[in-house]
Amino acid sequence: MKAVENNFGFMEQESLIEIPFFQRAYVWEEDQWKQLFEDLKDSYENKREHFLGSIVLKRLPTNAGEGTKRSLIDGQQRLTTFSILVKCLYDSLDNDDKRDNIKYLFKKPTKEKNPKIQHSKIDKNSFNKILQADNFDTLQNIEKYETGKDKGKIKDKIIRCYEYFTKQIKEVEYHKDKEFLEFILNSKLWVTINLDTNEDEQKIFDSINTAGLKLTATDIIKNALFAKAMELNTDYEKLYKEYWDNLFEAKENKEFWEEEIATGRLKRVQSEIFLHAFAIIGGFFDVEKDTLENLSDIYKQKTRDFSAQQLESFLKKIKEYALIYQNFPYITKDTPLCFENDEQRLFHILKITDTNTIMPLILALKFNLKNESESLKNCLRLLEVFILTRWLCYKSTKDYNKLFANMTKKLNKTNPLEFLKNNLKDIPKKYEIEDCLISKDDYLANKKAALILFWIELYRRHKNKKVQDSIELSYKWTLEHLMPQSWEENWKSIAKDELHAENLIYQIGNMTLLKNSLNSTIKNASWKTKLEGDGSRKNCIKSCADLLITRELCDKTIWNEDAIRDRTQKLTHEFLTIWDIDIFNH
């Protein structure tokens with residue numbers, strides 16, 4: 001390995017730089033383009049050099065007379081972006097100056113205008129068109145342009161980058177001054193790291209990301225898997241297309257796999273969470289010592305001694321599990337939810353409770369029980385009751401990671417329901433649940449109350465289908481304390497003192513969901529004003545009572561301790577009916 005501080009002149013020495021087919025597509029956006037341009041502009045105006053990062057290249061075998069050929073291991077985003085900026089500046093040069101600088105962009109013979117950087121997959125067409133165009137205006141008919149009402153709006157990121165730099169250099173009038181181009185070409189902005197054909201690029205790939213967007217574990221695992229495929233002389237492009245590209249990188253799936261999910265203090269994309277789950281199911285992730293931070297190393301270790309047949313079998317299994325994972329209910333705040341959809345209800349509860357460590361166990365259950373729908377339904381029902389009742393009653397869920405990972409490894413495929421019952425411990429007792437729903441010491445948090453009330457509402461709609469209400473609702477409601485938290489001014493006749501007031505305010509029976517939040521002057525008013533309004537246009541309970549759990553309040557002429565406790569008792573009964581903890585004893 002040789003690391004050298006370099007200017008962009010290193011491109012003059014290269015015959016061809018090939019971006020491996022399995023590397024991620026171009027992902028930089030305007031934030032990164034702006035930062036790069038501002039940094040270079042500042043360096044130019046103040047006559048000081050700026051470090052852009054490292055470029056890692058690996059020498060590829062060539063035939064005699066072909067010149068050097070290298071694979072770009074790391075630095076694709078930076079090198080692509082910088083090359084597009086150079087092309088924008090090159091566009092404005094006269095023919096003599098273009099002849100002097102063409103060597104940075106095109107391989108010999110330069111008159112054929114074949115780019116020195118050879119992109120693959122979806123970026124190749126756009127990148128080549130940029131380099132071969134006379135200027136940005138000649139791209140007006142490019143196929144990447146939208147039609148209809150969005151006609152002329154560019155979606156392709158590489159083309160948008162070309163447009164962005166074209167505008168920027170015109171605004172600062174650098175297109176009139178070739179000195180800026182000479183400055184960025186000749187400044188030592190880079191460290192180029194050159195590997196020989198027999199050196200292991202994975203160590204470099206994992207450790208060097210000095211600028212740009214952080215690579216995910218998925219990026220690194222993909223690189224390792226298909227680098228292994230190339231090493232084994234398989235039909236690696238076929239494997240990539242069949243088991244990876246058509247799944248993880250297909251346009252219709254990309255948004256799902258790249259969605260960020262909170263996992264503790266960090267955020268991980270869905271694909272990382274899936275690959276973590278797959279490793280647990282496969283038994284090669286040791287929850288006692290391994291972490292998500294070393295997930296890519298774990299995959300490399302697993303596949304290090306694979307034969308070609310073993311690698312394909314491994315990729316096939318990843319795809320099988322990924323298709324199941326991809327079809328998990330995808331829930332947003334706009335998703336219509338209904339009580340009859342058991343799996344959707346479970347996944348909504350998991351989302352609100354931030355319980356992601358259970359995913360390996362659910363994935364294993366769905367894979368093993370894919371032809372046993374009733375058994376799967378019973379297993380998921382058990383998990384739902386476990387998660388929600390413990391979330392309501394206990395603060396800490398830090399033991400879930402090891403619990404669910406170990407259960408996944410040991411899962412009894414013959415009788416999974418009994419296995420779950422025997423391994424899901426510390427189920428809250430009925431009195432503990434009842435205490436939490438009338439909590440005065442550990443207040444029933446708004447997040448908990450809102451989730452419970454929402455599903456009780458859907459439960460009622462499901463049970464009472466004669467009512468002309470939709471059985472589907474999106475999770476977009478405002479929690480309201482009927483006896484307000486600021487009770488002192490208008491509710492002293494009900495509360496004896498602060499402790500007594502808190503005992504009433506934070507019961508589930510004193511809470512409901514409204515379509516709009518109440519103005520503070522209404523929110524803290526007496527019951528009659530809060531219920532019916534004060535004659536102004538401000539919201540009141542009756543005007544926001546779209547739900548059954550709120551409409552039942554509209555004929556209440558008084559709201560006092562007896563009314564609160566009666567409603568709490570009713571809602572508690574419904575909670576214990578929906579999430580029946582006795583199922584663990586059946």
Side-chain angles (χ1 to χ4, degrees), residues 261 263-264 273-292 295 298 317 320-321 324-325 328-329 342-433 436 448 451 455 575-586:
I261 305 293
T263 55
I273 295 173
F274 161 71
L275 289 168
H276 173 239
F278 181 80
I280 288 174
I281 294 168
F284 58 95
F285 185 97
D286 187 341
V287 72
E288 299 295 334
K289 67 176 184 178
D290 294 329
T291 66
L292 271 169
L295 186 63
I298 292 164
K317 190 69 73 175
E320 288 175 356
Y321 276 94
I324 294 173
Y325 186 93
F328 281 176
D342 295 331
E343 193 168 313
Q344 190 187 54
R345 185 178 63 250
L346 168 62
F347 275 81
H348 181 249
I349 289 169
L350 295 178
K351 182 179 180 71
I352 301 302
T353 59
D354 295 324
T355 311
N356 294 300
T357 52
I358 199 172
M359 292 305 172
L361 180 57
I362 293 176
L363 183 58
L365 286 167
K366 284 183 69 71
F367 181 82
N368 291 309
L369 298 174
K370 53 180 173 281
N371 298 319
E372 301 175 47
S373 58
E374 192 61 27
S375 180
L376 176 62
K377 179 179 178 180
N378 291 334
C379 288
L380 297 183
R381 179 75 175 141
L382 208 69
L383 295 177
E384 178 187 337
V385 174
F386 177 80
I387 292 298
L388 188 65
T389 56
R390 282 180 57 92
W391 183 64
L392 172 64
C393 297
Y394 307 143
K395 289 182 179 179
S396 176
T397 58
K398 64 181 180 181
D399 59 329
Y400 280 2
N401 187 31
K402 291 182 180 180
L403 171 69
F404 293 133
N406 287 326
M407 287 178 65
T408 303
K409 285 183 181 179
K410 300 173 184 175
L411 183 62
N412 184 324
K413 299 175 184 177
T414 305
N415 195 341
L417 187 62
E418 285 304 311
F419 172 82
L420 294 180
K421 288 180 180 180
N422 293 332
N423 284 273
L424 295 171
K425 305 295 185 182
D426 299 322
I427 312 300
K429 305 292 189 294
K430 282 188 179 179
Y431 75 85
E432 292 180 293
I433 293 171
C436 286
K448 294 181 179 180
L451 180 65
W455 281 105
F575 180 97
L576 292 170
T577 301
I578 299 168
W579 296 287
D580 180 10
I581 56 174
D582 288 338
I583 63 173
F584 285 91
N585 302 318
H586 294 164

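Here the structure is a predicted model, which is why all the values come from computation and not from measurement. The residues of the chain are indexed from 1 along the displayed sequence.
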Problem - Within-4.5 Å side-chain heavy-atom neighbours: His348 and Leu451 - result: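 His348 vs Leu451: side chains touch.
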Exercise for the section: Could you check Glu320 against Lys317 for salt bridge (charged side-chain N to carboxylate O under 4.0 Å, His left out), going step by step and ending with a plain yes or no? Expected result: CA-CA 5 Å; Glu320 288 175 356; Lys317 190 69 73 175; 3.8 Å; yes
Practice task
Quick one: pull up CG in Leu363 and CZ in Phe278 and give me the separation to the nearest 0.5 Å.
Solution key: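 The CG atom of Leu363 sits 9.0 Å away from the CZ atom of Phe278.
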Handout entry: CA sep, side-chain torsions, deciding dist, call: Leu350, Ile362, side-chain contact (heavy atoms from CB on, under 4.5 Å)
Key = CA-CA 11 Å; Leu350 295 178; Ile362 293 176; 3.6 Å; yes
Exercise for the section: Determine the minimum heavy-atom distance between Pro416 and Leu365, stating which atoms define it. Expected result: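 Looks like CB-CD2, 4.0 Å.
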Exercise for the section: Starting at NZ of Lys409, measure out to CZ of Phe284 and round the result to the nearest 0.5 Å. Expected result: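 Here the rounded value is 10.5 Å.
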Handout entry: Close side-chain approach of Trp455 to Ile349, heavy-atom, < 4.5 Å
Key =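 SC-SC contact between Trp455 and Ile349 confirmed.
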Handout entry: Closest contact, heavy atoms only, Ile281 versus Pro360
Key =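 Here Ile281 and Pro360 meet closest at CD1-O, 3.6 Å.
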Practice task
Report yes if some heavy atom in the side chain of Glu343 is under 4.5 Å from a heavy atom in the side chain of Leu380; otherwise report no.
Solution key: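 Side chain of Glu343 against side chain of Leu380, heavy atoms only: contact under 4.5 Å found.
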Problem - Non-hydrogen side-chain atoms of Asn406 and Glu288 separated by less than 4.5 Å - result: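 The answer is yes; the side chains approach within 4.5 Å.
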Practice task
Would you mind reporting whether Asp399 and Tyr394 have side-chain heavy atoms less than 4.5 Å apart?
Solution key: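 SC-SC contact between Tyr394 and Asp399 ruled out.
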Practice task
Work out which heavy atom in Thr353 is nearest to a heavy atom in Thr355; give both atom names and the distance.
Solution key: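 Heavy atoms of Thr353 and Thr355 come nearest at OG1-OG1, 2.8 Å.
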Problem - Interatomic spacing from OH in Tyr400 to CZ in Arg390 - rounded to 0.5 Å - result: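 Spacing of OH (Tyr400) from CZ (Arg390) equals 4.0 Å.
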Practice task
Report the relative orientation of the aromatic rings in Phe274 and Tyr325; use parallel for angles under 30°, tilted for 30 to 60°, perpendicular for over 60°.
Solution key: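 Because their plane-to-plane angle lies in the 30° to 60° range, the rings of Phe274 and Tyr325 count as tilted.
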Practice task
Step by step, work out the side-chain contact (heavy atoms from CB on, under 4.5 Å) result for Met407 and Phe419.
Solution key: CA-CA 9 Å; Met407 287 178 65; Phe419 172 82; 4.1 Å; yes
Handout entry: Euclidean distance, Leu383 CG relative to Asn378 CG, rounded to 0.5 Å
Key =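 Interatomic distance, Asn378 CG to Leu383 CG, rounded to 0.5 Å: 11.0 Å.
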Exercise for the section: Step through the shown structure and confirm whether more than 12 heavy atoms of other residues, nucleotides or ligands are within 6.0 Å of NZ on Lys425. Expected result: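 Atom NZ in Lys425 is packed in, count exceeds 12.
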Exercise for the section: First locate atom CD1 of Ile352, then atom CG of Leu388, and finally report the distance between them rounded to the nearest 0.5 Å. Expected result: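 Nearest 0.5 Å value for the CD1-CG distance: 11.0 Å.
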Handout entry: Shortest non-hydrogen contact between Asp342 and Glu384, atoms and distance
Key =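 Between these two residues, the closest heavy atoms are O-OE1, 4.3 Å.
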Exercise for the section: Flag the pair Leu369 / Cys379 as yes when at least one side-chain heavy-atom distance between them is below 4.5 Å, and no otherwise. Expected result: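 Yes, close enough: below the 4.5 Å cut-off.
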Practice task
State, with a plain yes or no, whether a side-chain heavy atom of Val385 is found less than 4.5 Å away from one of Ile581.
Solution key: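 Heavy-atom side-chain distance check passes, below 4.5 Å.
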Practice task
Check whether any side-chain heavy atom of Phe285 sits under 4.5 Å from a side-chain heavy atom of Leu295, and report yes or no.
Solution key: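 The answer is yes; the side chains approach within 4.5 Å.
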Handout entry: Quiz item: cation-pi between Lys370 and Phe367, 6.0 Å / 45°
Key =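 Because its charged atom sits under 6.0 Å from the ring centre and within 45° of the axis, Lys370 does stack over Phe367.
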Practice task
Evaluate the criterion side-chain contact (heavy atoms from CB on, under 4.5 Å) for residue pair Asn415 and Leu417; output intermediate values, then yes/no.
Solution key: CA-CA 6 Å; Asn415 195 341; Leu417 187 62; 4.2 Å; yes
Handout entry: Approximate separation, where rounding is to 0.5 Å, of Leu420 CG and Phe386 CZ
Key =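 Reported to 0.5 Å precision, the distance equals 10.0 Å.
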Problem - Check against side-chain contact (heavy atoms from CB on, under 4.5 Å), Trp579 and Leu392 - result: CA-CA 12 Å; Trp579 296 287; Leu392 172 64; over 6 Å; no
